[in-house]
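Structure first, then comments.
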Amino acid sequence: MLGLEIIGVNAGFPAHLIGAVLSTGAGLYVVRYGDRSRADWRAMISACAAIAVWCLAAVIYGVSAAPVELAATLRNLALITLIFSLFAADGRDESLKPTRPLVAALVLVQLCQPALLIIKAQFGFLPEFGFEIAVLFKMLVAIGALVLLHNLYAGAAASSRNIIRRSAVGLAGLFAYELNLATIAWLAGAYPPILLALHGAFGGLMAALIAFGASRAAGELHFRPSRAVTFQTLSLLVIGSYILIMTLATRSLALLGGDIARTAQALLLVLALLAALIWLPSQRLRDRVRVLAAKHLFQHRYDYREEWLRFTRTIGRGSIHDASFSERAIKAIADITDSPAGLLLVPDEGANLELSARWNWATLDVPAIAGDYALSGLLERHAHILDLDEVRARTDHHGELEHVPEWLSEAEDAWALVPLIHFDRLIGAIVLARPRIERRLDWEDFDLLRVVGQQLASYLAEQAGQQALMDASRFDEFNRRMAFVMHDIKNLASQLSLLSANAQKHADNPDFRADMLITLRNSSEKLSSLLARLGRYGSAQAQELVEVDLAMLLRALVDRFRAVHPVQLTHAEKVIVLANTESLEQALVHLIQNAIDASEPDHAVLLGVDADALTGRIEIIDSGKGMTPEFVRTGLFKPFVSSKENGFGIGAMEARELIRAIDGRVAVESREGIGTRFCITIPRAVVARSRPDNASLQQERAA
C-alpha cells in the first residue's frame, strides 16, 4: 500500500498538469471554433475553465487539499449547468420541466461539500462518519448526472444525437470516473492513490472531447473503423481473453500449493497449448469471428468498397493458377458470400441450361441438360435469385418450384442460384455452394448478388461478343480470299470474252492467231497458278524478293494483252527493282485491266517505264471516262466500291497492297471525260538493299 501511495503522489502532479493544459486548450478551441449560435456555447467554455482551475489547484496544493475540493465543487456545478444547457440546445428545456427539480437537487447536494469543508475548518476534524457522508454526496451527484445524461441522449432526435454525442460522452466519462472513484473509496475507506492521481489527466481528455463536440462539423464526423481493423481487434481480444483466462487459472491453481498444484498447472498448460494450436489457426473460427463482427458491429453485412475491389481484381487478373475466365467469374461472385465452390450454367441454342465451367466443385454430378428452357425463361423474366433452402422447404415466389431440376434441389451443398442478366437477357446462371459458416440469405445478400450478377453478365456478354468478332473475322478473311479469286477469274473471263469477239473478226490473220495462242496459254497458266496463290491472301509469310526488270515485265504484259485490246509501250528504260515477280505482275494486271475496261475498244492504253536516281516509275494511262476527285479520294481503294457496272471494287485495292508490300507507292490522276493516269514508284534494287532491316519491313508490309 505504501508503494501505491508513493506512485500516486509522484503521478498526481504531472497528470493534473496535463489535465490543466488539455482543458485550457479545450476552452480556447471552443472560443475559436465553437458554434456561437448554440445555447450551450458559454456553458462549455465555463466547464472547460472549471476543469482547468481544478487541475491547477491540484498541481499547486496537492490532490487531497481543501482548495482542490472547492475547485471540484465548482467543476461539478459547471458540468451540471452544461448538461442543462445541452437540453436547451436540443430544444427541450421547456418540454422537460421535470428535470429541473433533479438539477436543483444535484446542485443542493453538491453545495453540501463546501459545508463539510467549513465544518472541518471550524472544528479541525470531521466526525467518524464525515468521510462516508462526503463520499456519499459525490456518489449521489455522479449518479444523478448520469441519469440526466441518459435522459438527454435517449430522448434526443437522430439529428440532435449527432450534435450532442461527443459532449455527452465526455460528460458521462467524467461522472463515471467520479462514481467509480467514490465507490472504491466507500468500500475501502480511502481513495485509491493511483486513480486519484490520474483523475486530472482523464478530466483533461474528457474536456477535449466535450470541446470537440462544440464545433459545427461535430455532427458530420463519424468514427467508422474498417472491417479489417475490427476483425483484427476482435481477434486480439479473443487472444488476450484466452491469455488472461489461462493466467488466472494457473494463478488460482497455485493457491492449492504442493505437488497437486504443479501437476495441475502443467496439465492446464498442455491443454491450453493444444486448444490454441487447434482453434486459433482455424478457418472456421476466423469465419465465425468475422460473421459475429459483421452482424453486431456494422449496419451492413458487406464492406461494399472492399467487395467491389476484390471482384474487379479477380475478374481482371490474367491467371489464377491457369484458371479460365469462366472459372474466375465463378470465384469472383463466390468470394462475396464466402462460398467455397460454384458452377456456371449457360443457355444453349434451345435456351436449356448446360454446364459451362466449375470452380472447386468436381464431385457434383451435373446432367447434360442442367435446367430446361422454362427455368431459363423464369430467371430471365424475374431476375430472381433462388434460395435453394427455400426451394427445399417448398416456398414458391414466381412458380419456380416446378422448374428447379431435381439434381439441384437434392444437392445439399447447393445454396443459391444467381441469374446473370444483361439487357433483360439471360447470359448464364451461377450455382453457389453453401459457405462454411451456415447462415440464411437475406435482403443484403440478394441486393449485392443481383448487382454483381449484372456486372458479371456484361463481362460474359462482352467475351461472347469478342469471340463472335473473331469468328466473323475468320469468315471475313475467307470471303476476302474468295472475292480476290472471283476478281481474278472475272479478269480472265473478260480477256477470253474479248479474245472470242476479236477472233470472229481477225481469225484469218496469222499474227492475230499467234497472239491468240499466247493469250490462251497465259490464261491457262493463270488459272493453273490461281489455286497456288490462294494461300498468299491474308498470309503473314514473307514473299521471296528477286531482281525484276520493269521494262521486260511491261513488254510481256503488252504481248499478253495485245490480242484483247490495244496496249502500247511508249518508252521502256531498263530499271531493276526488288519484288516478287508474280505479285508485281498481278498488281499491274489489275491496273491495266481497269484501264482497258474504262477505254473505248479503239483507244489504246499507254504504258511507260522510266527512272531517277532512287526509284523506278511505271505509268499506265488511259483515255477513258475518268473518275471524280471525290471517288479517287474516298472510293477507289475501298473494297467493294466500284465505278464499273457489276465491278467487285477490289482490283485497285489489291494492286496498291501488293505494291506497298515491296515498299512501292501508287499515285492517281484522273479527269472526268479525259482519262486516268496511274503512276507506280518502286525503289531501285540498289536502294532497297541498302536500307536497314529491309527484310523485316518487307515481311511486315506483306503481312
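Reckoned from all heavy atoms, side chains included, excluding hydrogens, waters and symmetry mates. One-based numbering along the sequence shown. Since this is a predicted model, take the numbers as computed values, not measurements.
When each of Asp389, Asp338, Thr337 is tested with Arg434 by the rule side chain to side chain donor-acceptor pair (under 3.5 Å), just one qualifies, namely Asp389.
You'll find the side chain of Arg440 reaches within 4.5 Å of the side chain of Asp387, heavy atoms only. Between Ile330 and Asn360, every side-chain heavy-atom pair lies at or beyond the 4.5 Å cut-off. Side-chain contact between Ile427 and Leu456: absent, with no pair of heavy atoms (C-beta onward) separated by less than 4.5 Å. In this structure, the side chains of Trp415 and Leu388 stay at 4.5 Å or more apart for every pair of heavy atoms. Inter-residue side-chain proximity for Ile333 and Val418 is flagged as met; some heavy-atom pair is nearer than 4.5 Å.
From Ile210, atom CD1 reaches atom CG of Leu82 across 6.0 Å, with rounding to the nearest 0.5 Å. To the nearest 0.5 Å, atoms SG (Cys48) and CG (Leu79) are separated by 9.0 Å. Taken to the nearest 0.5 Å, the CG atom of Leu106 stands 12.0 Å off from the CZ atom of Phe84. Interatomic distance, CZ of Phe175 versus CE of Met206, reported as 13.0 Å (0.5 Å rounding). Between Lys138 atom NZ and Leu179 atom CG the span is 12.5 Å, to the nearest 0.5 Å. Here CD of Gln455 is found 11.5 Å from CG of Leu420. Values are rounded to the nearest 0.5 Å.
Under a 3.5 Å cut-off, the side chain of Thr395 and the backbone N or O of Val391 do not form any donor-acceptor pair. Side-chain N or O atoms of Asp396 include one that pairs as donor or acceptor with a backbone N or O of Glu400 at under 3.5 Å. In this structure, Ser46 contributes its side chain and Ala78 its backbone to no donor-acceptor pair below 3.5 Å. A distance-only check finds no donor-acceptor pair linking the side chain of Trp54 to the backbone of His16 [under 3.5 Å].
The nearest pair of heavy atoms linking Met139 to Thr183 is CE-OG1, 4.0 Å. The minimum heavy-atom distance between Leu146 and Ala172, with the atom names listed, is CD2-O, 3.8 Å. Ala168 and Leu149 make their closest contact through O-CD1, 4.2 Å (heavy atoms, listed as atom of the first residue, atom of the second, distance). When every heavy atom of Ala416 is checked against every heavy atom of Leu441, the shortest pair comes out as CB-CD1, 3.8 Å. Minimum interatomic distance between Ala211 and Val30 (heavy atoms only, all atoms of both residues): CB-CG2, 3.5 Å. Taking every heavy atom of both residues into account, Ala332 and Phe311 meet most closely at CB-CD1, 3.6 Å.
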request  = Walk me through it: do Leu195 and Asn180 pass the test side-chain contact (heavy atoms from CB on, under 4.5 Å)?
outcome  = CA-CA 9 Å; Leu195 292 181; Asn180 289 330; 5.9 Å; no
ask   = So Leu22 and Leu205, side-chain contact (heavy atoms from CB on, under 4.5 Å) or not? Walk me through it.
value = CA-CA 7 Å; Leu22 289 175; Leu205 290 173; 3.8 Å; yes
query = How far apart are the C-alpha atoms of Tyr191 and Leu196, what are their side-chain angles, what is the distance that settles it, and do they pass the side-chain contact (heavy atoms from CB on, under 4.5 Å) test?
reply = CA-CA 7 Å; Tyr191 287 105; Leu196 190 62; 4.0 Å; yes
request  = Under the side-chain contact (heavy atoms from CB on, under 4.5 Å) rule, what do Tyr177 and His199 come out as? Steps first, then yes or no, please.
outcome  = CA-CA 8 Å; Tyr177 197 99; His199 198 180; 3.4 Å; yes
task = Before giving the answer on salt bridge (Lys or Arg N to Asp or Glu O under 4.0 Å), spell out for Glu69 and Arg75 the whole-Å C-alpha distance, their side-chain angles and the decisive distance to 0.1 Å.
result = CA-CA 10 Å; Glu69 293 293 335; Arg75 177 203 65 199; over 6 Å; no
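Within 6.0 Å of atom CZ in Arg42, 12 or fewer heavy atoms from other residues, nucleotides or ligands are found, so the atom counts as exposed in its surroundings.
Ring planes of His398 and His384: perpendicular class, angle over 60° (limits at 30 and 60°).
For the residue pair Glu390/His397, the side-chain donor-acceptor check at 3.5 Å is satisfied.
The ring of Trp443 has its center no closer than 6.0 angstrom to the ring center of Phe446.
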